[in-house]
Amino acid sequence: MTNDITIRPAEGTWVIRAGGAVLGESSKALELTEEGYPFVIYFPREDIGMAFLDRSDTTTTCPKKGVANYYSIMSKSQTYIDAVWTYEDPKDEVAEIKGYLAFHVQDGIAVEQL
């Protein structure tokens with residue numbers, strides 16, 4: 001872990017919804033807290049309905065976490081462009097998030113604790 005990033009098991013069960021559909025539910029989610037930012041819930045990939053996601057060509061680089069790859073969410077009502085990110089080869093300090101997905105909470109997308 002870096003000095004300003006903390007990763008711990010998220011308490012309870014978490015659900016991700018987009019466009020009214022449940023994309024996944026997990027009791028194995030991780031909570032990542034980075035200084036200066038709101039916490040982010042990372043869901044294990046195996047707990048997400050990957051059929052709803054469409055890989056995009058977008059990447060960004062975080063100096064603390066590494067290169068992020070993105071997915072768009074395809075719902076019945078709309079497409080949420082690059083609303084999901086994942087670190088497929090994260091830096092050693094945050095290796096726990098490998099294989100996990102995070103969601104950009106916005107109008108129509110909700111991450112909630114059950």
Side-chain angles (χ1 to χ4, degrees):
M1 278 187 266
T2 65
N3 290 339
D4 59 349
I5 294 179
T6 304
I7 301 170
R8 64 183 186 87
E11 291 185 18
T13 300
W14 290 80
V15 65
I16 171 69
R17 292 185 178 91
V22 173
L23 303 186
E25 183 179 307
S26 183
S27 58
K28 299 176 289 194
L30 296 175
E31 179 183 309
L32 183 144
T33 306
E34 185 172 357
E35 191 174 304
Y37 296 94
F39 73 88
V40 175
I41 298 297
Y42 280 78
F43 289 83
R45 188 178 296 249
E46 64 267 15
D47 290 346
I48 300 300
M50 294 300 291
F52 290 104
L53 306 185
D54 184 35
R55 177 80 174 237
S56 82
D57 293 331
T58 303
T59 61
T60 57
T61 302
C62 170
K64 297 173 187 164
K65 295 188 281 294
V67 175
N69 297 97
Y70 288 80
Y71 290 86
S72 296
I73 301 172
M74 317 301 281
S75 79
K76 285 183 180 178
S77 55
Q78 76 179 87
T79 299
Y80 300 93
I81 304 295
D82 293 340
V84 184
W85 70 93
T86 184
Y87 292 92
E88 294 175 347
D89 189 22
K91 295 194 175 212
D92 291 343
E93 296 83 7
V94 294
E96 303 99 310
I97 62 173
K98 182 175 183 153
Y100 282 71
L101 301 166
F103 294 81
H104 176 64
V105 175
Q106 56 187 289
D107 189 31
I109 300 177
V111 173
E112 300 166 334
Q113 187 176 20
L114 295 180

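FYI, the numbering just counts along the sequence from 1.
Looking at residues two or more places apart in sequence or on another chain, you find no side chain to side chain donor-acceptor pair (under 3.5 Å) involving S72. Remark: T13 engages E25, S27, L114 in a side-chain contact (heavy atoms from CB on, under 4.5 Å) (not counting sequence neighbours). Every side-chain contact (heavy atoms from CB on, under 4.5 Å) that V22 has, sequence neighbours left out, goes to V15, R17.
I16 and F39 fall within a single hydrophobic cluster, where Ile, Leu, Val, Met, Phe, Trp and Tyr are joined by side-chain heavy atoms under 4.5 Å apart, directly or via other members. The same ILVMFWY cluster, assembled from side-chain heavy atoms under 4.5 Å apart, contains both L30 and L32.
If you take CD1 on I73 and OG1 on T79, they are separated by 10.0 Å, rounding to the nearest 0.5 Å. To the nearest 0.5 Å, the span separating CG on L23 from CD1 on I109 amounts to 8.0 Å. For the atom pair CD (Q113) and CD1 (I41), the distance works out to 7.5 Å, reported to the nearest 0.5 Å. F103 contributes atom CZ, which lies 5.5 Å from atom CG of L53 (distance to the nearest 0.5 angstrom). Within the model, atoms CD1 of I7 and CD1 of I97 stand 5.5 Å from one another, a figure rounded to the nearest 0.5 Å. Annotation: the span from Y80 atom OH to D107 atom CG amounts to 7.0 Å, rounded to 0.5 Å.
Under the salt bridge (Lys or Arg N to Asp or Glu O under 4.0 Å) criterion, no residue pair touches residues 68-80, with sequence neighbours excluded. The salt bridge (Lys or Arg N to Asp or Glu O under 4.0 Å) pairs that include a residue from residues 29-44 are R8-E31, E34-K64, E34-K65, where partners are two or more places apart or lie in different chains.
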Legend entry - Residues I5, E93; criterion side-chain contact (heavy atoms from CB on, under 4.5 Å); working and verdict: CA-CA 9 Å; I5 294 179; E93 296 83 7; over 6 Å; no
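Nearest heavy atoms, T60 versus Y70: OG1-OH, 2.8 Å. Considering all non-hydrogen atoms of both residues, S77 and G19 come closest at OG-CA, 4.1 Å.
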Taking distance alone, no hydrogens or angles, what donor-acceptor pairs closer than 3.5 Å link side-chain atoms of residues 83-90 to residues at least two apart or in another chain?
residue : atom : partner : partner atom : Å
W85     : NE1  : Y42     : OH           : 3.1
T86     : OG1  : R45     : NH2          : 3.4
T86     : OG1  : Y100    : O            : 2.7
E88     : OE1  : R55     : NH2          : 3.4
E88     : OE2  : R55     : NH1          : 2.7

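In terms of modelled atom types and a separation under 3.5 Å, the side chain of S26 and the main chain of K28 share a donor-acceptor contact.
Using a 4.5 Å heavy-atom threshold, the side chains of M50 and L101 count as touching.
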